[in-house]
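Have a look at the structure below, then the notes.
Whatever order the structure lists them in is the order used to number ligands and atoms, beginning at 1.
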Amino acid sequence: MLRDEFDFIKKIRPKYSYQSSLIQGIGDDAAIYCNEPMFDELICMDTMVEGVHFTRQTMTPWMIGFKALAVNISDIAAMGGIPTYYLVSIAIPEEWTEEELTQIYAGMSDLGSKYSMDLIGGDTVSSKKGLIITVTVLGKVEKGTSLLRSNAKPGDLVFVVGDLGASAAGLDLLLSTGLNHPYTEYEKHLLKAHQEPIPQVEAGRILACSGLNISLNDISDGLASETNELAEASSVDLHIEFEKVPRNIYLNAYPIEKQKQWCLFGGEDYQLVGTMSEAGFKQLSPILSEKNIKLTVIGEVTEGSGNVYLYENKHKEKLLKKGFNHFDKGE
Ligand code: ADP
Ligand code: MG
């Protein structure tokens, strides 16, 4: 149980800051930073709820903090941006200790420091049931260069950055055997993908700085859902070949049907999916490969009306926007 909110805020308040545009961080009624004339500002927010997005059986407090920030940074990456600041609103039930709460902030700080991000504010309230953590991330991108979902054009290739399925496979393991099971090294890779996803910021930056016409989306709700969002936003059709979808190598031990489920509908991989011209792909693939970033063509874009089709063994089916949907009762 948290005894003193003010004392807690003092403890989690960063001792120094990275961003030179910061004027006032934690400690006043609002944070102040100076916006930069050459950049567009980016801002996004995501909430994680105990019992919905995580449980104590699947995530340690440090991991909860790490992931709550990572999923927001992933949205900045999907715009091609540079993450700069974050704010945290936390609703705390009685049974959480101050040490556990401090660990949540350590998880955020360990990831945030990789990107020189500063924690500049938040809110602390009590909750009757379950911990709720809402993170707001600010970022910036060179004016006019954001990678919008609506940028897909007929003739473009569809690509994925990174590989898919590991997070959902890791979650399956955690739900059946919990955090402290003696997992194999292979299984630990799957767990880590679920618990500590690394957002694709560097890839997003390379894509945005190329000056090419690229559409981009991060994969939070599964490839099926995210490709449908691209198709709808751009009013085109996407055609995807399942054999080309990059599956995480640690999925090999599982039946193909499971792999398919995890890759297409599992979600929470926090990789990127987008479209660009073939010439663009030829230009960028050596640059990304030099940085050890995996870029895979999985299909193509045609004129259309916002649909996605999946091809497997010459069989064509419509890929529906199903994935994890909080309000979907499955009717
Ligand atoms: P006020 O009553 O003016 O809203 P608060 O006491 O809520 O002030 O917050 C004091 C300072 O601490 C503010 O700068 C606020 O942004 C920051 N803060 C409060 N709670 C958190 C939190 N959970 N994480 C990070 N910063 C916080
Ligand atoms: Mg307040």
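Those atoms of ligand 1 that come under 4.0 Å of a heavy atom in Ile12, given as number and element, are 22 (C), 24 (N), 25 (C). Per-residue contacts place Asp28 under 4.0 angstrom from the following atoms of ligand 1 (heavy atoms of the residue considered): 13 (C), 14 (O). Ligand-side atoms of ligand 1 in range of Val88: 22 (C), 23 (N), 24 (N), range being under 4.0 angstrom from any heavy atom. If you number the atoms of ligand 1 from 1 as listed, the ones under 4.0 Å from a heavy atom of Ile90 come out as 23 (N). Counting the atoms of ligand 1 from 1 in the order shown, those under 4.0 Å from a heavy atom of Asp29 are 3 (O). Close approach to Gly121 involves these atoms of ligand 1, each under 4.0 Å from a residue heavy atom: 16 (O), 25 (C), 26 (N), 27 (C). Interface of Phe6 with ligand 1, defined as ligand atoms under 4.0 Å from a residue heavy atom, comprises 6 (O).
Heavy atoms of Tyr105 approach ligand 1 to within less than 4.0 angstrom.
Ring centers of Phe8 and Tyr105: under 6.0 Å apart, within the cut-off. If you look at Phe242 and Tyr311, their ring centroids are not closer than 6.0 Å.
Of the polar atoms of Gly122, at least one N or O is found under 3.5 Å from an N or O of ligand 1, judged by distance alone. In terms of polar-atom proximity, Ile120 is not counted as a contact of ligand 1, lacking any N or O under 3.5 Å from an N or O of the ligand.
When all heavy atoms of Glu95 and Glu100 are compared, the closest pair comes out as O-OE1, 4.0 Å.
With a 4.0 Å heavy-atom cut-off, ligand 1 is reached by the backbone of Thr124 and by its side chain too.
Not counting sequence neighbours, the partners of Glu241 by the salt bridge (charged side-chain N to carboxylate O under 4.0 Å, His left out) test are Lys244.
In the candidate list Ile133, Leu119, Asp123, Asp123 is nearest to atom 21 (C) of ligand 1, counting heavy atoms.
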Can you give me every donor-acceptor pair (side chain of residues 142-153, partner residue at least two apart or in another chain, under 3.5 Å) with its distance?
from: Glu142; atom 1: OE1; to: Arg205; atom 2: NH1; distance (Å): 3.1
from: Glu142; atom 1: OE1; to: Arg205; atom 2: NH2; distance (Å): 3.2
from: Glu142; atom 1: OE2; to: Arg205; atom 2: NH2; distance (Å): 2.6
from: Lys143; atom 1: NZ; to: Phe39; atom 2: O; distance (Å): 3.4
from: Lys143; atom 1: NZ; to: Asp40; atom 2: OD1; distance (Å): 3.2
from: Thr145; atom 1: OG1; to: Glu142; atom 2: O; distance (Å): 2.6
from: Arg149; atom 1: NE; to: Asn217; atom 2: OD1; distance (Å): 3.2
from: Arg149; atom 1: NH1; to: Glu229; atom 2: OE1; distance (Å): 3.1
from: Arg149; atom 1: NH2; to: Asn217; atom 2: OD1; distance (Å): 3.2
from: Asn151; atom 1: ND2; to: Ile214; atom 2: O; distance (Å): 3.0

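Between Lys258 and Asp172 there is a salt bridge, since at least one side-chain N of the basic residue sits less than 4.0 Å from a carboxylate O of the acidic one. Salt bridge Glu312/Lys260: present, at least one basic N to carboxylate O contact under 4.0 Å.
A donor atom on one side chain and an acceptor atom on the other are found under 3.5 Å apart for Thr134 and Thr47.
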